Amino acid sequence: MSHPEACTALTRMEARLHETRHSLYELERSLRDRAETEAIHSRPKQHRYNRRMSNWTGADEDAYRRVLDQLTDNAAADLDRLRRKVERQDAAIETIRRKYRVNAARPNFTPL
C-alpha cells in the first residue's frame, strides 16, 4: 500500500470509527433519557414550590441511578460490543498510522 492509499484508507477508517462512537454515544444517551423519564414517572410530585426551584430531590436521584443501573445491565452486551469495536478500530488506525508514518492530526470526536 502506498502512502496516498494509506491516507485514503485512514480517512475511511476514521469515518467508520466516528460512526461507531456516535452509535455508542446515542445508546448511552437514550439509556440516560429513559432512566430520567422512568424516575420522574415513578416519583410524582405533590406540588411545585417556585418556578426557579428544582423539584429533583435526593430520592429522585437515587431512583434515577437505580433505573439507570438496571437499564445499563440490560444493555451491557450491546455497550460492551460497541466499546470493543471502538477499541479495535482505534488500534487498527494507530497501527496503520505508525506503519505508513502518517503524521496528520486525528479528527476529534464530537457527538452530533
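Just so we're clear, the structure is a prediction, and the values are computed from it rather than from any experiment.
Judged as a side chain to side chain contact (heavy atoms under 4.5 Å, CB included), and not counting sequence neighbours, the contacts of Asp78 are Leu27, Arg81. Residues passing the side chain to side chain donor-acceptor pair (under 3.5 Å) test with Arg43 are Asp60, sequence neighbours excluded. Here Arg32 pairs with nothing under the side chain to side chain donor-acceptor pair (under 3.5 Å) rule; sequence neighbours left out.
When all heavy atoms are compared, the tightest approach of Ala35 to Leu71 is N-CD1, 3.7 Å. For the pair Val102 and Cys7, the tightest heavy-atom approach, listed with the atom from each and the gap, is CG2-SG, 4.2 Å. Here the shortest heavy-atom pairing between Ala63 and Ala39 reads C-CB, 4.2 Å.
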Criterion side chain to side chain contact (heavy atoms under 4.5 Å, CB included) on Glu14 and Leu17, from CA distance to verdict: CA-CA 5 Å; Glu14 290 284 357; Leu17 176 60; 4.0 Å; yes

Would you please test Ile40 and Trp56 for side chain to side chain contact (heavy atoms under 4.5 Å, CB included) and show each step? CA-CA 9 Å; Ile40 288 170; Trp56 195 259; 3.7 Å; yes

Check the pair Arg16 / Glu19 against side chain to side chain contact (heavy atoms under 4.5 Å, CB included), numbers first and verdict last. CA-CA 5 Å; Arg16 298 299 170 261; Glu19 290 172 7; 3.4 Å; yes

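With Glu5 contributing its side chain and Ser2 its backbone, the two residues share a donor-acceptor pair below 3.5 Å.
Residues Ile93 and Leu24 do not share a hydrophobic cluster, defined by chaining ILVMFWY side chains whose heavy atoms lie under 4.5 Å apart. Taken together through direct or relayed side-chain contacts under 4.5 Å among Ile, Leu, Val, Met, Phe, Trp and Tyr, Tyr25 and Leu31 form parts of separate hydrophobic clusters.
Counting only residues at least two apart or in different chains, side chain to side chain donor-acceptor pair (under 3.5 Å) contacts with residues 62-74 comprise Glu61-Arg65. Pairs passing the salt bridge (charged side-chain N to carboxylate O under 4.0 Å, His left out) check and including a residue from residues 93-103, sequence neighbours excluded, read Glu94-Arg106.
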For a quick test of your reading: what N or O donor-acceptor pairs under 3.5 Å do the side chains of residues 82-89 make, sequence neighbours left out?
from	atom 1	to	atom 2	distance (Å)
Arg83	NH2	Glu28	OE2	2.9
Gln89	OE1	Thr20	OG1	3.1
Gln89	NE2	Thr20	OG1	3.3

